[in-house]
Amino acid sequence: MGNRELLDAHIHLQNFEAETRRYLARSAAAGCAVFITNSTSERDWQQVLDVSAEPGVQVRAFLGIHPWQVDENSLQSLTRLEQLLVASRSGVGEIGLDRVCEVDFGLQLELFSAQLELAQCYKRPLSLHSVRAQNEIILGIKGLRREIPCMFHSFAGSPQQAGQIIDHGGLVSLAFSLLRQQPERVKKLLAYLPLSSILLESDAPEQRLPSVATLQEYGVAERVQTDRVWVIPELYAVVARIKGISLEALEENIWENYRRFSAGL
């Protein structure tokens, strides 16, 4: 397959604004050929759809209401979301639950459940945000048919939590945020995760990278701090190195995982 087939499994391309096309072109030159770009609210759904139509690279659109953006008006947006899902081959995301943010958790649950129903109705994959709410999210996806693909983005939980996701046929997407944990915990999680369960992501431009010192400990080039197009190639290299496998094997498995995840798009 070669290093020209890298996947960024979770990104917010619309938030690059005027720099989106430049970012895409330079990322493609660095080896990233496929992007899954996620919305956060009705305000950016059309932007995400527009970005997904950009020529030259493959961009998959995911539309949804992020738990941080949930408010009393969000239920009214679901009709528009359903219309867009009917009119496009979009996934559902970024959706989920977050116990740290200030949004009422009951309201989050209501919107989360409604969006799960839309994903099931239209057989679309899910990109999931989970902060201290994994039990509730696992309970929610257990109510879905197993053929509805689910991906937990920026996963940094325990092997036991990953096991719950994998048991339901879900995927975990890893970002550089994982490296903020203790090295032994990182190694333990990556040793546990089967290659058939992993995707890799940048979460750009939202996610703050670990410190320079932390990145250097894992052999990550300094350019990642200043030039975000190198995040995905470097992340592939770090994960392959920790798991003790070749880059080619990692790329091939992630590509196969992506094909399964995106089959409904």
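Nothing here was measured: the structure is a model prediction, and the numbers come from that model.
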Show, in sequence, the C-alpha distance, side-chain angles and deciding distance for Val172 and Leu189, and conclude whether the side chain to side chain contact (heavy atoms under 4.5 Å, CB included) test is met. CA-CA 11 Å; Val172 295; Leu189 176 63; over 6 Å; no
Backbone N/O of [Y] and side chain of [X]: donor-acceptor pair under 3.5 Å:
{"X": "Arg99", "Y": "Arg132", "result": "yes"}
{"X": "Ser27", "Y": "Tyr23", "result": "yes"}
{"X": "Gln181", "Y": "Ala156", "result": "yes"}
{"X": "Ser52", "Y": "Leu49", "result": "yes"}
{"X": "Arg241", "Y": "Tyr218", "result": "yes"}
{"X": "Asn257", "Y": "Leu195", "result": "yes"}
{"X": "Arg89", "Y": "Gly264", "result": "yes"}
{"X": "Glu251", "Y": "Glu248", "result": "no"}
{"X": "Arg124", "Y": "Tyr122", "result": "yes"}
{"X": "Thr20", "Y": "Leu13", "result": "yes"}

Heavy-atom neighbours of [X] [atom1] exceed 12 at 6.0 Å:
{"X": "Glu222", "atom1": "CD", "result": "no"}
{"X": "Gln83", "atom1": "CD", "result": "yes"}
{"X": "Arg260", "atom1": "CZ", "result": "yes"}

Would you indicate whether the side-chain heavy atoms of [Y] and [X] approach each other to under 4.5 Å?
{"X": "Val220", "Y": "Leu209", "result": "no"}
{"X": "Leu215", "Y": "Glu234", "result": "no"}
{"X": "Phe152", "Y": "Gln161", "result": "no"}
{"X": "Ile95", "Y": "Phe112", "result": "yes"}
{"X": "Cys150", "Y": "Leu144", "result": "yes"}
{"X": "Leu63", "Y": "Val48", "result": "yes"}
{"X": "Pro67", "Y": "Leu97", "result": "no"}
{"X": "Leu200", "Y": "Leu7", "result": "no"}

Would you give the length of the straight line joining atom [atom1] of [X] to atom [atom2] of [Y], rounded to the nearest 0.5 angstrom?
{"X": "Asp44", "Y": "Gln14", "atom1": "CG", "atom2": "CD", "value": "4.5 Å"}
{"X": "Phe155", "Y": "Leu128", "atom1": "CZ", "atom2": "CG", "value": "12.0 Å"}
{"X": "Asn15", "Y": "Thr37", "atom1": "CG", "atom2": "OG1", "value": "8.0 Å"}
{"X": "Ile138", "Y": "Glu136", "atom1": "CD1", "atom2": "CD", "value": "10.5 Å"}
{"X": "Asp8", "Y": "Tyr258", "atom1": "CG", "atom2": "OH", "value": "11.5 Å"}
{"X": "His153", "Y": "Glu94", "atom1": "NE2", "atom2": "CD", "value": "3.5 Å"}

Do [X] and [Y] share a hydrophobic cluster (ILVMFWY, side-chain heavy atoms under 4.5 Å, transitive)?
{"X": "Ile36", "Y": "Leu84", "answer": "yes"}
{"X": "Ile166", "Y": "Ile137", "answer": "yes"}
{"X": "Phe261", "Y": "Val34", "answer": "yes"}
{"X": "Trp255", "Y": "Ile245", "answer": "yes"}
{"X": "Trp68", "Y": "Val70", "answer": "no"}

If I compare all heavy atoms of [X] with all of [Y], which pair ends up nearest, and what's the gap?
{"X": "Ala204", "Y": "Ile11", "result": "O-CG1, 3.1 Å"}
{"X": "Ile65", "Y": "Ser74", "result": "CD1-O, 3.8 Å"}
{"X": "Gln207", "Y": "Phe176", "result": "OE1-N, 4.0 Å"}
{"X": "Leu250", "Y": "Ala240", "result": "CD2-N, 3.8 Å"}
{"X": "Tyr192", "Y": "Pro159", "result": "CE2-O, 3.4 Å"}
{"X": "Leu199", "Y": "Leu171", "result": "CD1-CD1, 3.8 Å"}

Side chains of [X] and [Y] only: does a donor on one sit below 3.5 Å from an acceptor on the other?
{"X": "His10", "Y": "Ser127", "result": "yes"}
{"X": "Gln69", "Y": "Ser41", "result": "no"}
{"X": "Ser154", "Y": "Glu201", "result": "yes"}

With the threshold set at 4.0 Å, does a side-chain nitrogen-carboxylate oxygen contact exist between Lys123 and Glu147?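 Between Glu147 and Lys123 there is no salt bridge, as every charged N stays at least 4.0 Å from the carboxylate O atoms.
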Determine, stepwise, if the pair Leu126 / Leu116 fulfils side chain to side chain contact (heavy atoms under 4.5 Å, CB included). CA-CA 8 Å; Leu126 287 156; Leu116 290 183; 3.7 Å; yes
Before giving the answer on side chain to side chain contact (heavy atoms under 4.5 Å, CB included), spell out for Glu42 and Leu81 the whole-Å C-alpha distance, their side-chain angles and the decisive distance to 0.1 Å. CA-CA 8 Å; Glu42 185 174 9; Leu81 177 57; over 6 Å; no
Walk me through whether Trp45 and Ser77 qualify under side chain to side chain contact (heavy atoms under 4.5 Å, CB included). CA-CA 11 Å; Trp45 291 344; Ser77 298; 4.0 Å; yes
